[in-house]
2 protein chains.
Amino acid sequence: MSNEQFNALHYSDPMVARILDAGEQCIHRFGIRRTSMGEVARVGKLSRGSIYNHFNDKEALIEGIIRRRQESFLNRTEGRLENEATLVDKLTQSVLSGRKDMEEGLFAALAEIEPETVAMMFLDPRFYQRSLSFWPPHVRMAQEAGEVSAELDIVIATDLIMRLVVSLVMFPRMGVQLNTRSALRDYLQQMVSRGLGPAL
Amino acid sequence: MSNEQFNALHYSDPMVARILDAGEQCIHRFGIRRTSMGEVARVGKLSRGSIYNHFNDKEALIEGIIRRRQESFLNRTEGRLENEATLVDKLTQSVLSGRKDMEEGLFAALAEIEPETVAMMFLDPRFYQRSLSFWPPHVRMAQEAGEVSAELDIVIATDLIMRLVVSLVMFPRMGVQLNTRSALRDYLQQMVSRGLGPAL
DNA sequence: CAATGAACAATAATCAATTTCTGTTCATTT
DNA sequence: AAATGAACAGAAATTGATTATTGTTCATTG
C-alpha cells in the first residue's frame, strides 16, 4: 500500500521517464486501445512489472502520459508568453499555440486513430482543471499594469479566460472566422477589455 | 436525381414526421449504432423503401432527427426568452435550458448509450452553425435598449454569445462553479457588459 | 530495495463463419 | 405520384471459439 503514485508524478525518476517515453511512443503510433503494457515494456526495454511498480493500471499510465504532455505544453507556452507584453497578446499567443499543438502534437496523431477518445477527453472537465493555475499570475500582472480591473476576482477572470481560450482552440470559427493572429487579437482585445458593453 | 432532401426538411409532410418520430424513438431507446432502418420502418409502421424516398441514407436520417430536435429546442427556448427583459437574462435562461436539455433530453439518453458519439457531435462545428441565426435579433433588441454598444458588429457579438453559452452548457464549472441562476446571471452580466475591463 | 520475469485467473481483443443491415432497383399497390 | 415489398450484392454487425492482455503475486536478480 505504498502507492503515492496517484498525485505526484516523478518525471525526474529516470525509470518513470522511460516508461512515459515508451508509453507516449506507443500511443502516438498505435493509439490508446491498441497499446498494451507488454508493448510499452518492450519499447522501453524494461519489465512489465516495473510499469506496475509506478502506475496502478493502464489508465493511470495513460493519464500520466497525457499529464506530462499537458505540462510540457504549458511550459512551452509559458516560455512563449514572455515575449508578449499584454494579457491580450498572451491570450492570442496561447490560442495559436493550442491550435498548433492540436494539429501537430500527440493529440493530432491520436485524433486520427481514435477520434472518439480525443473527443471524450476534450469534454472531460478534469482535462481543463489541470490548466487552471496557469492564468492567475498573468491576470495579476495585467492588473498591476492597469490593463484589467484591479477589483477583478482572479478566479472569475481565469474562468472567462479558460472558456475563451478553450473555445477558440476547439472552434477556430464559431460566428466569425478567427484565423489570423490579428483577427484573433482584435477579437480578444474587445472581449477582455469591454465585452459587448457600451462604446468607449 | 430528384433528391432535394438534403437542404429542406419538410416536417409538415406527415410521412416525414412519422419517419422522424419513429427514428427518434429508436435512437432514444437503442442509440444510433443499434438502430436499423428496418427497425425504424417497423416502429413507424411504414416500409423501408419509404424512408429511402425521403432520406438518402441512414446518416441523413440521423441528421434529420438531430436537426429537428435542435430546432425544437431553439423554438422552446425562444418562447422562454419572451419573459426575459435583458440580453443577460436571455443568456442565463438559454444556458439553463441548454443544461436541462443535456440532462433530460434525447442527448442525455444517447450519452448513456453512446457517449463517444455525443462527444463527437458536440465537437463538430456544424452542430453550432445551425444555431447561429438565433441570436442576432436579440442582440439588435439589446442594442436598441442601450444594453450593449450600438456600434457592435452583430456577427462578432453572436460569436461571443455562442462561445459563452456553449461553454457554460458543456462545463457548468470551469474555474468557478456556475450552478445557480443568480451566479450565472452575475457572471454573464459582467462578461457581456464589460469583460475583464476597468471598473465602472 | 527496486527491477525482473514467471505464473496465474479474470477480462478483453481477435478471428473467421454466420447473420443482419444497407442502399439500390423495380414491379406492384394505393 | 407516392408508398410498398421483394430481391439483391456488398458492407457491417453478431456470434462463439481462440488468443492476448490485464493486474496480481512472488521468488529471484542486480
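For clarity, every value in this text was computed on a predicted model and none was experimentally measured. To find a chain, count down the sequence lines: A is the first, B the second, and so on, and within it residues start at 1.
- Counting only residues at least two apart or in different chains, ring pair (Phe, Tyr, Trp, His ring centres under 6.0 Å) contacts with residues 63-115 of chain B comprise B:F107-B:F122, B:F107-B:F127.
- Of the residues in residues 35-50 of chain A, A:T35, A:S36, A:M37, A:G38, A:R48 come within less than 4.0 Å of DNA chain D through at least one heavy atom, sorted by number.
- Heavy atoms only, all atoms of each residue included: B:G175 and A:V155 are closest at O-CG1, 3.9 Å.
- Closest non-hydrogen pair, A:M174 versus B:L132, comes out as O-CD1, 3.2 Å.
- When each of A:D13 and B:D57 is assigned the nucleotide of DNA chain C bearing its nearest heavy atom, the one mapping closer to the 5' terminus is A:D13.
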Using the 3.5 Å cut-off, write out each protein N or O paired with an N or O of nucleotides 9-18 of chain D and the distance between them.
residue	atom	partner	partner atom	Å
D:dT14	OP1	B:R34	NH1	2.9

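- Chain A approaches DNA chain C over the interval C:dA3 to C:dT14, counting the first and last nucleotide 5' to 3' with an atom under 4.0 Å from its heavy atoms.
- In this structure, the NZ atom of A:K58 is 16 Å from the P atom of D:dA20, given to the nearest Å.
- In this model, no donor atom of one side chain and acceptor atom of the other lie less than 3.5 Å apart for A:Q189 and A:R194.
- Scanning all heavy atoms of the two residues, the minimum distance from A:V139 to A:V148 falls at O-CG2, 4.2 Å.
- Across B:T86, B:L91, B:V95, a single residue satisfies side chain to side chain contact (heavy atoms under 4.5 Å, CB included) together with B:R185, and that is B:T86.
- No hydrogens or angles considered: a donor-acceptor pair under 3.5 Å links the side chains of B:D159 and A:Y187.
- Side chains of A:Q70 and A:R130: a donor-acceptor N/O pair is present below 3.5 angstrom, by distance only.
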Would you tabulate the side-chain donor-acceptor contacts of residues 108-116 of chain A under 3.5 Å, counting partners in other chains and residues two or more places apart, or write 'none'?
residue	atom	partner	partner atom	Å
A:E114	OE1	A:T117	OG1	2.9
A:E114	OE2	A:I32	N	2.6
A:E114	OE2	A:R33	N	2.9

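- Minimum heavy-atom separation, B:H54 to B:D13: CE1-OD2, 3.6 Å.
- The bend of the helix from C:dC1-D:dG30 to C:dT30-D:dA1, defined by the angle between the axes of its first five and last five pairs, stands at 50° to the nearest 10°.
- A:S94 and A:S97 form no side-chain donor-acceptor contact under 3.5 Å, judged by distance and modelled atom types alone.
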Set out, in order, the CA-CA distance, both residues' side-chain angles and the distance that settles salt bridge (Lys or Arg N to Asp or Glu O under 4.0 Å) for B:R69 and B:D101, then state yes or no. CA-CA 10 Å; B:R69 261 277 147 218; B:D101 219 56; 5.2 Å; no
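- Of the N and O atoms on the side chains of B:Q143 and B:H138, not one donor lies less than 3.5 Å from an acceptor on the other residue.
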